[in-house]
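Residue numbers run from 1 in the order of the sequence given. The figures that follow rest on heavy atoms only: side chains count, while hydrogens, waters and symmetry mates do not. Quantities reported herein were computed from a predicted structural model and do not represent experimental measurements.
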Amino acid sequence: MLCGVRTQPFQSGPGPLSPGSRAGLGAALALLAIVSAVELADGRPAHYVALMVAAPFLAAALASWRVVLGVGLLATGIGAAFALAEQTMSLVTAVNVAGIALATAIAGAVAGVRQRQSERIAELSRLASVAQQAVLRSLGPQVGTLAVAARYISSTATAEIGGDLYEAMDTPYGVRMIIGDVRGKGLDAVRLASIVLGSYRHVAYERADLRAVVTDLDRAVARNVGDEDFVTAALVEERGGTLTIVNCGHPPPLLLRRGAVIPLEPPAPAPPLGFMPVVRPRVERLEPGDRLLLFTDGLGEARRDGEFFPTADRAWRLLGHGTVADGLASLETALVEWVHGRLDDDIALVLMEYTGPRSATAEPVPSWEVGAAES
């Protein structure tokens, strides 16, 4: 999940400084060095000590509270040294030094609050990631006769959680895959996605016809959503080199074949799951080396300056090389670069490659029939 710079938690204990603490410490030390140099060049009395009050606040913007206190103590010490160097310490200089000490205490408290918030956000992000992984298990690298890879690209840097879903399984009826998108986001979307996937993992092994699978999934969604909630989905079955697709209001998959990109539009439109879709299958004959991209609508909606990402135009160049995992990595990199790291919606991607018919393998002969087999 790679669509933004992740929030790095502050270091709450001893050990190497986090990147934020190092940046805050460096900026504060640079400020102290500049103010000290100007003060030394100006000579006595101390005129610029008050500027050192900014050092702990500068550190507090990025660093942990321990670093902030260290910077504040250093700034207070330097200010006191300049004050004591005066022949007669003025009241203004003494107040400035006291102000640095007070600013250190305030900045330390601010940094402590920020640190606790950062740690809480990091924990919520980890919990969201665990919830997402509990719903979406990893795919591939091989499912039946298909090489398969999947990626989930989150639109937020702090919580990898949403309603996009996918699955691929080798069933008695061939390799079956689903990709879908739940209306909405957050835990409610994840709950509904888990219901759809749980139902699909059961009925995909039980129903011989994809249309019957759609009917069962529609019932599962209708029992668990409100009047305005729904799930778009595309279901794919590969059996003996024949590809069957049924589409419930979802973006059509893209077939990549010998340099061409072919959108596999359904023969007739159908509404999403939850609205009693009546689907008509589309059937294609696969060739070895064919690749199929399944994706959610976040890919089609990715844009910069009003211009949408040219998925169909760039699909072959991005997805037609290396392994299917290499292809998805290239697509994700190009997509993130196109939108400058700012996505409006989560994206689920599944790329499969048909490697040819399943090779015939001899059934193992039981040990007690070895002699009979040889006679």
**Q.** Worked verdict on Ile178 versus Leu197 for side-chain contact (heavy atoms from CB on, under 4.5 Å)
**A.** CA-CA 9 Å; Ile178 184 174; Leu197 287 176; 4.3 Å; yes
Q) If you look at every heavy atom in Gly108 and Val68, which pair is closest and at what distance? A) N-CG1, 3.6 Å
Q: With the side chain counted from C-beta on, respond yes when Val221 and Ile195 share a heavy-atom pair under 4.5 Å apart, and no when they do not.
A: no
**Q.** Verdict with reasoning, Leu319 to Leu328, per side-chain contact (heavy atoms from CB on, under 4.5 Å)
**A.** CA-CA 6 Å; Leu319 300 171; Leu328 287 187; 4.2 Å; yes
Q | Ala103 versus Val53, closest heavy-atom pair with distance | A | CB-CG2, 3.1 Å
Q.
Using side-chain heavy atoms (C-beta onward) and a distance below 4.5 Å, is Val203 in contact with Thr215?
A. no
Q.
Are the side chains of Ser330 and Arg317 in contact, using a 4.5 Å heavy-atom criterion?
A. no
(Q) If we ignore hydrogens and angles and just use 3.5 Å, is the side chain of Tyr354 paired with the main-chain N or O of Thr242 as donor and acceptor? (A) no
Q: Indicate, with yes or no, if Leu102 and Val95 share a hydrophobic cluster defined by side-chain heavy-atom contacts under 4.5 Å among Ile, Leu, Val, Met, Phe, Trp and Tyr.
A: no
Q.
Counting C-beta onward and ignoring hydrogens, is there a side-chain heavy-atom pair between Ile245 and Pro266 closer than 4.5 Å?
A. no
Q: Please round to the nearest 0.5 Å and tell me the distance separating atom CD1 of Ile153 and atom CZ of Arg151.
A: 7.0 Å
Q: Check whether any side-chain heavy atom of Thr355 sits under 4.5 Å from a side-chain heavy atom of Gln142, and report yes or no.
A: yes
Q: Please tell me if the side chains of Leu286 and Leu255 come closer than 4.5 Å, counting only heavy atoms from C-beta onward.
A: yes
(Q) Is it true that Asp326 and Thr323 share a donor-acceptor pair across their side chains at a distance under 3.5 Å? (A) yes
Q: Please state whether the rings of Phe275 and Phe230 are parallel, tilted or perpendicular, taking 30° and 60° as the class boundaries.
A: tilted
Q. Roughly how far, to the nearest 0.5 Å, is the CZ atom of Arg219 from the CE atom of Met276?
A. 9.0 Å
Q.
Rounded at 0.5 Å granularity, tell me how far CG in Leu292 sits from CG in Leu256.
A. 8.0 Å
Q: Taking all non-hydrogen atoms of both residues into account, name the closest pair between Gly163 and Tyr152 and its distance.
A: N-OH, 3.9 Å
(Q) Quick one, Arg176 with Leu210, criterion side-chain contact (heavy atoms from CB on, under 4.5 Å). Give me CA distance, side-chain angles, the key distance, then yes/no. (A) CA-CA 9 Å; Arg176 286 180 163 178; Leu210 281 181; 3.8 Å; yes
Q) At what distance, to the nearest 0.5 angstrom, does CZ of Phe57 lie from CD1 of Ile106? A) 5.0 Å
Q. Side-chain contact, heavy-atom cut-off 4.5 Å: Asp344 with Glu301?
A. no
Q.
Return the OG1 to CG distance between Thr296 and Leu165, rounded to the nearest 0.5 Å.
A. 9.0 Å
Q) Between Val261 and Ala312, what is the shortest heavy-atom contact and its length? A) CG2-O, 3.7 Å
Q) Does any non-hydrogen side-chain atom of Val231 lie less than 4.5 Å from one of Leu217? A) no
Q. Do you know the tightest heavy-atom contact between Ala60 and Ala107?
A. CB-O, 3.6 Å
Q: With Asp216 as reference, evaluate Arg207, Arg201, Arg223 under the salt bridge (charged side-chain N to carboxylate O under 4.0 Å, His left out) test and give the passing residue.
A: Arg207
Q) Is it true that Leu73 and Val110 fall in one hydrophobic cluster, defined by side-chain heavy atoms closer than 4.5 Å? A) no
(Q) Could you see if Leu40 belongs to whatever hydrophobic cluster contains Ile78? Use Ile, Leu, Val, Met, Phe, Trp, Tyr and a side-chain cutoff under 4.5 Å. (A) yes
Q. If you round to the nearest 0.5 Å, how far is OH of Tyr173 from CZ of Arg239?
A. 8.0 Å
**Q.** Hydrophobic cluster membership, Leu31 vs Leu51, 4.5 Å side-chain cutoff
**A.** yes
Q) Salt bridge or not for Glu167 and Arg137, using N-O below 4.0 Å? A) yes
Q: I would like to know whether Met352 and Glu238 meet side-chain contact (heavy atoms from CB on, under 4.5 Å); could you show each step before the answer?
A: CA-CA 11 Å; Met352 56 149 258; Glu238 183 279 322; 5.6 Å; no
Q) If only atom types and distance count, is the side chain of Ser36 paired as donor or acceptor with the main-chain N or O of Ala33 below 3.5 Å? A) no
Q) Under 3.5 Å, is there a donor-acceptor pair between the Arg282 and Thr244 side chains? A) no
